[in-house]
Amino acid sequence: MAHDSDLPCDGDGRCMICKISPPVEETLTCKTCVTPWHLNCLSARPKTLADAAQWECPDCSNLISSPPPSTATSGSEPSAILIAAIRAIESDASLSDQDKAKRRQQLLSGGGSDDGDKTTDANNEAGVGGDSDVLKLLTGSFNCSFCMQLPDRPVTTPCGHNFCLKCFEKWVGQGKRTCAICRASIPPKMASQPRINSSLVIAIRMAKLTKSNTASGPPKPYYSVLNQNRPDKAYTTERAKKSGKANACSGKIFVTVPPDHFGPILAENDPERGTGVLVGETWEDRMECRQWGAHLPHVAGISGQSHYGAQSVALSGGYEDDEDHGEWFLYTGSGGRDLSGNKRTNKTQSFDQKFEKYNEALRVSCRKGYPVRVVRSHKEKRSAYAPEKGVRYDGIYRIEKCWRKPGIQGYKVCRYLFVRCDNDPAPWTSDENGDRPRDLPSIKELKNATDVTERKSTPSWDFDVEKACWVWKVPAPGSRKQVDNVDVEDGNSTRKVRRKTQTLSVSERLLKEFCCVICHKVMTLPLTTPCAHNFCKSCLQETFAGQTLMKERTCEGRRTLRAQKNIMKCPSCSNDISDYLKNPQVNRELMSVIDTLQRQTKESEENAVLGEEILNTDEKTDDIEEEDINSDIDIVIVDESKVNKGLKRKKDGEKMETISNKAKQEDDESSSLVTV
DNA sequence: AGCCACAGCCTT
DNA sequence: AAGGCTGTGGCT
């Protein structure tokens with residue numbers, strides 16, 4: 001790199017060394033990268049006017065001799081190609097200055113020279129929409145400028161540049177504290193704890209997957225996140241504002257049974273351990289339990305389909321009517337509660353339960369005598385059989401009867417008699433054998449019961465006296481669903497593919513990943529915070545509308561206390577991003593990818609509508625004025641009424657002052673660019 | 001696309 | 001300790 005004392009002017013034209021904005025005659029512009037430098041602060045100045053005209057900044061002139069850390073194998077070639085490419089752009093008379101700037105930017109941020117000749121054309125392949133183009137597009141835009149590879153763990157600097165985590169760490173490890181591309185300083189926290197930009201991860205993974213899919217023959221159906229690509233543990237998505245399992249995506253499902261699988265989960269469906277799910281197995285929480293297929297819903301207590309049957313239930317203490325005797329228990333159906341608003345649980349009943357939905361699913365399992373898996377949660381406090389911690393698999397039960405009766409709260413509830421019928425002993429018993437058929441307990445409440453249902457036909461799951469174990473007497477119902485974690489090519493053409501997989505093109509799915517968490521639309525002027533969350537510039541501005549960086553504090557009118565820093569929490573993760581908000585820079589690489597994807601989507605839609613070729617269109621409207629992109633955010637803004645869309649809670653105790661409201665106009669313009 | 005759910009974290 | 005809050009995922 002350049003001599004350590006050499007630094008260019010920043011985005012506002014201020015010299016990064018002396019911090020003044022030098023007049024034009026004191027600035028020197030690099031002929032290669034067109035960055036302005038302050039003449040007086042340069043360690044080596046050009047000697048003649050002619051030299052000045054052909055001057056190359058210390059960064060560019062050293063590009064060849066100082067390859068970035070991890071390009072040892074590729075040596076100087078990429079840099080030489082890069083410079084040649086920049087020169088080609090500069091000499092292209094057909095481009096406006098703006099276009100040139102845009103292309104330079106793309107190049108310097110890892111713009112692919114992969115294609116050899118037309119370096120920047122990856123972004124202009126709109127309309128074709130071929131899936132492999134998407135990978136090319138990402139390769140052209142997100143390549144780490146150190147190693148020239150598509151990063152598998154991308155990190156984004158506050159100045160809006162993307163690198164591999166490894167390369168970034170290496171760079172920082174060398175003591176560098178400025179961005180390798182624009183020289184903006186890297187905040188200490190980012191340097192010590194870089195965060196992976198998970199939106200980019202998903203996008204890149206998706207593009208790679210798509211490529212491998214198209215490469216090997218017919219296109220495979222695509223799942224928004226394929227099971228095999230999910231992490232082993234539950235994780236929180238970009239959109240989920242609070243971390244924690246309640247708002248988490250499930251992790252990988254380890255077993256190979258379909259979601260509507262009845263009965264025990266056997267060893268053959270457990271490629272991970274080869275044991276199947278064993279009675280007594282305990283998991284941390286419902287999410288983890290889900291991953292092993294014992295009980296899939298992570299909130300609901302019943303897993304089932306009203307016309308098909310119920311596969312499993314959870315005893316979690318949600319219904320006070322439940323009565324647990326270990327080998328048998330009385331279970332209460334779901335519903336009867338007012339869950340309006342955003343409640344998920346509500347202990348008070350306000351209407352009768354009916355045999356519909358999940359309750360009906362349980363009744364089907366009762367009639368058919370299907371085996372039902374049972375898990376008990378530590379939250380069931382009144383039961384002696386509940387585990388101390390976590391969620392435990394207790395084996396197979398059968399529903400022998402069901403009925404309705406007035407519940408403790410007065411409203412009618414659906415009731416089910418579950419009796420254990422597993423080949424393994426229950427976790428609480430020291431018995432070495434599993435269950436034998438047993439007489440049904442006498443249930444007092446049956447006297448007041450209505451709608452009593454008993455099984456009339458042979459139970460599907462029953463005890464075989466000869467084999468001395470519980471088996472399927474009637475073949476298990478065929479699964480109507482597909483296992484999510486095996487490859488989905490070949491064979492069965494009647495398989496159902498999820499709706500979203502059929503309708504969305506790759507570009508559209510990628511665009512979905514690039515949605516702003518605040519407005520839920522595809523980002524315009526995307527910003528990436530140091531905590532690695534992505535937002536529209538305007539949305540982030542609006543979120544902190546009217547807030548100042550510092551908070552004045554007065555002590556009951558007497559004297560002014562030292563101003564206090566105003567904490568501005570990232571809308572995604574509650575990290576303080578006030579420092580970042582002083583001068584956030586648009587992630588241009590991301591922006592250009594979004595641009596292209598939007599063009600592709602738009603054009604493929606038009607193609608679909610017209611069914612004929614579309615002529616080359618001018619892309620003028622998609623261009624964004626240079627000045628708009630990184631104009632300062634003064635953490636100032638605008639119209640408070642626009643801010644509260646239920647996404648942001650106001651803090652009452654704090655009074656903020658608005659400095660000005662100049663940003664409004666720009667803002668409206670940029671938000672009008674939102675498409676899709 | 002809307003509804004529903006015996007979660008789990010955070011605030012009071 | 002109790003109640004509030006809220007993305008997610010499956011069913012309809």
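Chain A is the first sequence line, chain B the second, and so forth, proteins listed ahead of strands; every chain is numbered from 1.
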Protein-nucleotide distance (Tyr358(A), atom OH; dG10(C), atom C1'), rounded to Å: 5 Å
Residue met sooner reading DNA chain B from 5', once Lys357(A) and Arg286(A) are mapped to nucleotides: Lys357(A)
Thr345(A) vs dA5(B): side-chain N/O to OP1/OP2 distance below 4.0 Å: no
5' precedence on DNA chain C between Val299(A) and Asp260(A) (nearest-nucleotide basis): Val299(A)
Interatomic distance, Glu356(A) CD vs dG10(C) P [rounded to whole Å]: 21 Å
Side-chain (Glu327(A)) to main-chain (Arg420(A)) donor-acceptor, under 3.5 angstrom: no
Candidate nucleotides dC9(B), dA7(B), dA5(B), ranked by approach to the side chain of Lys245(A) - the nearest: dC9(B)
From dG9(C), dA5(B), dC6(B), nucleotide with atom closest to Leu339(A) side chain: dA5(B)
Touch class at under 4.0 angstrom, heavy-atom based, for Ala246(A) against every strand present: base
Heavy-atom neighbours of Glu284(A) CD exceed 12 at 6.0 Å: no
Whole angstrom value for the distance that separates P of dC4(B) from NE2 of His298(A): 16 Å
Sugar-phosphate only, base, or nothing, as touched by Ala248(A) at under 4.0 Å among non-hydrogen atoms: sugar-phosphate
Below 4.0 Å: OP1/OP2 of dC11(C) and any side-chain N or O of Arg480(A): no
Ring center gap for Tyr397(A) and Phe329(A) short of 6.0 angstrom: yes
Touch class at under 4.0 angstrom, heavy-atom based, for Gly244(A) against every strand present: sugar-phosphate
Separation of dG10(C) C1' from Met287(A) CE (nearest whole Å): 12 Å
Donor-acceptor pair under 3.5 Å, Asn247(A) side chain vs dC9(B) base: no
Intermediate values then yes/no, salt bridge (Lys or Arg N to Asp or Glu O under 4.0 Å), Glu281(A) and Arg392(A): CA-CA 6 Å; Glu281(A) 194 166 333; Arg392(A) 185 187 63 209; over 6 Å; no
Spacing of Tyr308(A) atom OH relative to dG10(C) atom P, expressed in whole Å: 16 Å
Sugar-phosphate only, base, or nothing, as touched by Asp285(A) at under 4.0 Å among non-hydrogen atoms: sugar-phosphate
Touch class at under 4.0 angstrom, heavy-atom based, for Ser303(A) against every strand present: nothing
Protein-nucleotide distance (Arg290(A), atom CZ; dG9(C), atom P), rounded to Å: 7 Å
Nucleotide nearest Thr237(A) (side chain, heavy atoms from C-beta), chosen from dG10(C), dT8(C), dG8(B): dT8(C)
Whole-Å gap separating P (dA7(B)) and NE2 (His295(A)): 9 Å
Sugar-phosphate, base or nothing in reach of Thr236(A), heavy atoms under 4.0 Å: nothing
Sugar-phosphate, base or nothing in reach of Ile302(A), heavy atoms under 4.0 Å: nothing
Steps toward salt bridge (Lys or Arg N to Asp or Glu O under 4.0 Å) verdict (Arg382(A), Glu380(A)): CA-CA 6 Å; Arg382(A) 292 159 321 191; Glu380(A) 173 56 276; 3.4 Å; yes
Gln291(A) CD to dT8(C) C1', straight-line distance once rounded to whole Å: 14 Å
Sugar-phosphate only, base, or nothing, as touched by Lys343(A) at under 4.0 Å among non-hydrogen atoms: base
Lys481(A) atom NZ, over 12 foreign heavy atoms within 6.0 Å: yes
Gln305(A), nearest nucleotide to its side chain (from dT12(C), dG9(C), dC6(B)): dT12(C)
Sugar-phosphate only, base, or nothing, as touched by Arg376(A) at under 4.0 Å among non-hydrogen atoms: nothing
Nucleotide forming a Watson-Crick or wobble pair with dC9(B), both distances under 3.5 Å: dG4(C)
